[in-house]
Amino acid sequence: MASHLTLSDAVNRVEPSATIAVTTKAAELRRAGEDVIGLGAGEPDFDTPQHIKDAAIQAIHDGKTKYTPADGLPELKEAICAKFKRDNDLTYTPDQIHVAPGGKPVIYNAFVATLNDGDEVIIPAPYWVSYPAMAALCGGVPVFVSCGPNAQYKLTPEALEAAISPKTKWLVLNSPSNPTGAAYTKAELQALADVLLRYPQVWILTDDMYEHLVYDGFEYVTIAQVEPGLYDRTLTMNGVSKAYAMTGWRIGYAGGPASLIKVMRKVISQTTSNPSSISQYAAIAALNGPHDFLPERNAVFKQRRDFVVAELNQAEGLSCSTPEGAFYVYPSCAGAIGKTALSGKVIETDSDFAAELLQQEKVAVVMGEAFGLSPAFRISYATSTEALTKAMVRIQDFCKSLR
Ligand code: GLU
């Protein structure tokens, strides 16, 4: 007989990742023969560029298949320093760089190295599902600041100041945002920075994973670049997953103060150790290699964004604004709440909306409840135009069928 396993308080504080749950569910239904269109997965449908794959294959042939330093190869750290200089005008040296198996462990390593029980982490909502979960796993207390459509889904200086307490340890910024695609202008970041300069106990974790995915000539900037006065307490996090279509390769990285990077190195040396050596050589090729595929891919993403926003605004009860970047939109479904689906189920929440949409029309989206701002849902338009076209018809049919 199996003995009873008592779980940790930490794991009991969190739920499984909703983005991963929806993606997994859609894949399962598809495997079972259902005609499901998955708009849940937050990953580019493009392939990893050939020169990056070639570098990885070469690394295998060259026998570069052994351990590397736990927080990344020196050559990769050099490439990351060059990237920060080139794209963000930020000067980091290799001892200020942390490389981990994806963006998630970078954030987790920073939190586990710095959070004590009760320390507060300010998280603008809607947020990517894993920020509060990782803070809570590390004993932190997420403090949510609601940033709705009236604020263009962005944190305002007033709302930031109201959320800061003597217990605030971190502010999490994410621009362009998962799940809304909203991105901060230089002036907006400066206004936030002006508040932060008055609260030296607050550190800033900026998740810049979608940096290269911006449209309509939007000028991307990150907070340590906008306000050098915050450089010493900012962890600038990024990765190769989204821009280079390398989600499965698992390489995330960050630049920050050497004192913080040093303790994050201690954590990774005792937990995962280095990300795959092969993936690290691929990431070097990605960062140092040609970037001409980016504008081509962004043109496709922009076209899809415009199409999806226009179609969603044609659906009864939905309204959707046009975000600056990423490959997500976050339509409100307020007009569908209180209506009844064909199954007889009353749509009381956006989780009900997403569940009924999947059941009735076989379209998988992620419910707004998971991202902390309801009623809404997230669509990832990083999928073929053909699938998106079909999905938009189905969503419109679903909305029309509600009584
Ligand atoms: N960042 C992606 C998403 O939000 C990948 C899944 C995850 O790690 O959450 O869908």
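Start at 1 and go down the list; that is how both ligands and their atoms are numbered.
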State, to 0.1 Å, how close Thr206 and Asp208 come at their nearest heavy-atom pair, and which atoms those are. OG1-OD1, 2.5 Å

For atom 10 (O) of ligand 1, grab the closest protein heavy atom and report residue, atom and distance to one decimal in Å. Arg378 NH2, 2.9 Å

So which protein heavy atom does atom 5 (C) of ligand 1 come closest to, and at what separation? Gly42 O, 3.9 Å

Contact between Phe371 and ligand 1, counting heavy atoms under 4.0 Å? no

Given Leu29 and Leu358, is the side chain to side chain contact (heavy atoms under 4.5 Å, CB included) satisfied, shown in steps? CA-CA 10 Å; Leu29 289 171; Leu358 181 59; 4.0 Å; yes

Face-on cation placement of Lys64 at Tyr281 ring, 6.0 Å and 45° thresholds: yes

Identity and separation of the nearest protein heavy atom to atom 6 (C) of ligand 1: Thr19 OG1, 3.7 Å

Quick test of your reading of the model: are Glu219 and Lys186 salt-bridged, counting only N-O distances below 4.0 Å? no

Heavy atoms only, cut-off 4.0 Å: how does Phe327 contact ligand 1, side chain, backbone, both, or neither? neither

Carboxylate-amine/guanidinium contact Arg13 Asp9, below 4.0 Å: no

For atom 1 (N) of ligand 1, the protein heavy atom that lies nearest, with its residue and separation: Lys242 NZ, 3.2 Å

Can you tell which part of Thr23 has a heavy atom less than 4.0 Å from ligand 1: side chain, backbone, both or neither? neither

Only one of Ile123, Leu160, Leu155 passes side chain to side chain contact (heavy atoms under 4.5 Å, CB included) with Val145; say which it is. Leu155

When you measure from the centre of the six-membered ring of Tyr153, is the NZ or CZ of Arg378 under 6.0 Å away and within 45° of the axis? no

For ligand 1 and Ser130, I'd like to know whether there is a polar contact (N/O to N/O, distance under 3.5 Å). no

Within 4.0 Å of some non-hydrogen atom of Lys104, the atoms of ligand 1 are 7 (C), 8 (O), 9 (O)

